[in-house]
A.B. asks: 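Shown below is the structure under consideration.
In what follows, residues are counted from 1 in the order of the sequence shown.
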Amino acid sequence: MFGIGKKRDREIADAVEELARADTLAFGGVGFAGTLLPVTEAYGTVEAALAEQPEVVREQLDRLLAHGSPAGRAYAATLLEQVDPAAARAAWTAMHGDPGEFTTYSGCLMGRSSLGEYAAGRLAEA
């Protein structure tokens, strides 16, 4: 049983790194085949870890919000909604004017969005 915790910690850290450099935002399968992108799998890993170790993952989400790519920051704020809706709203508000862009997928539909536009949409949904 030794090393299992360290292996899981490494998986989480690797997934957070994947999110930090993401240039695409997709929460499910993309394209006609419904292929899961590596960044979507990373999101799932961090989401599962958030349920297991909320304090540890929360620290990583805060770092991701501060230093991630525009898509990475959007992933972080989305995950933050699950554990701290007020902090997520503050994050979306802070990102409201951000011009950084990323690719979005909704099923087989690909698009582009700025982080500011995406944040405004999330705030409007809340």
A.B. asks: Minimum heavy-atom separation for Pro70 to Gly100, with atom names?
C.D. replies: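 What the structure gives for the nearest pair is CG-CA, 3.7 Å.
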A.B. asks: In the structure I gave you, are the side-chain heavy atoms of Thr104 and Arg112 within less than 4.5 Å of one another anywhere?
C.D. replies: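 They are not in contact (no side-chain heavy atoms under 4.5 Å apart), so the answer is no.
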A.B. asks: Looking only at atom types and distance, does a side-chain atom of Thr93 sit under 3.5 Å from a main-chain N or O of Arg89, one as donor and one as acceptor?
C.D. replies: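 A pair under 3.5 Å: yes.
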A.B. asks: Please tell me whether Tyr43 and Val56 are part of a single hydrophobic cluster in this structure, the criterion being side-chain heavy atoms less than 4.5 Å apart.
C.D. replies: no
A.B. asks: Measure the CD-CG distance between Gln60 and Asp62 for me, rounded to the nearest 0.5 Å.
C.D. replies: 10.5 Å
A.B. asks: Report yes if some heavy atom in the side chain of Gln53 is under 4.5 Å from a heavy atom in the side chain of Ile12; otherwise report no.
C.D. replies: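 Yes; the side chains approach each other to less than 4.5 Å.
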A.B. asks: For Ala26 and Leu37, which heavy atoms make the closest approach, and how far apart are they?
C.D. replies: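 Between these two residues, the closest heavy atoms are CB-CD1, 4.1 Å.
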A.B. asks: Is there side-chain contact between Glu18 and Pro38, with at least one heavy-atom pair below 4.5 Å?
C.D. replies: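 Glu18 vs Pro38: side chains touch.
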A.B. asks: Any ion pair linking Glu81 and Arg122 (charged N to carboxylate O, less than 4.0 Å)?
C.D. replies: yes
A.B. asks: Between Leu115 and Phe102, is the side-chain contact (heavy atoms from CB on, under 4.5 Å) condition met? List the steps.
C.D. replies: CA-CA 7 Å; Leu115 181 54; Phe102 49 85; 4.0 Å; yes
A.B. asks: Which is it for Val46 and Leu61 under the side-chain contact (heavy atoms from CB on, under 4.5 Å) test, yes or no, and what are the steps along the way?
C.D. replies: CA-CA 9 Å; Val46 176; Leu61 293 180; 4.3 Å; yes
A.B. asks: Can you find a pair of side-chain heavy atoms, one from Val57 and one from Val83, that are under 4.5 Å apart?
C.D. replies: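 Side-chain contact under 4.5 Å: no.
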A.B. asks: What's the separation between atom CG in Leu64 and atom CG in Leu19, rounded to the nearest 0.5 Å?
C.D. replies: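 Between Leu64 CG and Leu19 CG, I get 6.0 Å after rounding to 0.5 Å.
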A.B. asks: Can you name the nearest heavy-atom pair linking Ala71 to Ala22, along with the distance?
C.D. replies: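 Heavy atoms of Ala71 and Ala22 come nearest at CB-O, 3.5 Å.
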A.B. asks: Quick one: does Thr103's side chain get under 4.5 Å of Leu25's, heavy atoms only?
C.D. replies: no
A.B. asks: May I ask you to test the Tyr118-Asp98 pair for a side-chain heavy-atom distance under 4.5 Å?
C.D. replies: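 Heavy-atom side-chain distance check fails, nothing below 4.5 Å.
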A.B. asks: Taking the side chain as C-beta and beyond, is there a heavy-atom pair between Leu80 and Arg58 under 4.5 Å?
C.D. replies: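 Yes - at least one pair of side-chain heavy atoms lies under 4.5 Å apart.
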A.B. asks: Ring centroid separation for Phe27 and Tyr75, is it under 6.0 angstrom?
C.D. replies: yes
A.B. asks: In this structure, would Leu36 and Met110 fall into the same cluster of hydrophobic residues linked by side-chain contacts under 4.5 Å?
C.D. replies: no
A.B. asks: Could you give the distance from CE (Met95) to CZ (Arg73), rounded to the nearest 0.5 Å?
C.D. replies: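 One gets 5.5 Å once the value is rounded to the nearest 0.5 Å.
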A.B. asks: Is a side-chain donor or acceptor of Glu117 paired with a backbone partner of Ser114 at a separation under 3.5 angstrom?
C.D. replies: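 Yes, because the side chain of Glu117 sits within donor-acceptor range (under 3.5 Å) of the backbone of Ser114.
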A.B. asks: Do Arg21 and Ser69 get their side chains close enough for a donor-acceptor pair, meaning under 3.5 Å?
C.D. replies: no
A.B. asks: As an exercise, state the distance from CD of Glu55 to CG of Leu50, rounded to the nearest 0.5 Å.
C.D. replies: 9.5 Å
A.B. asks: Any ion pair linking Glu11 and Arg8 (charged N to carboxylate O, less than 4.0 Å)?
C.D. replies: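 Salt bridge between Arg8 and Glu11, a charged N being under 4.0 Å from a carboxylate O: yes.
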A.B. asks: Taking the side chain from Thr35 and the backbone from Gly31, do they hold a donor-acceptor pair closer than 3.5 Å?
C.D. replies: no
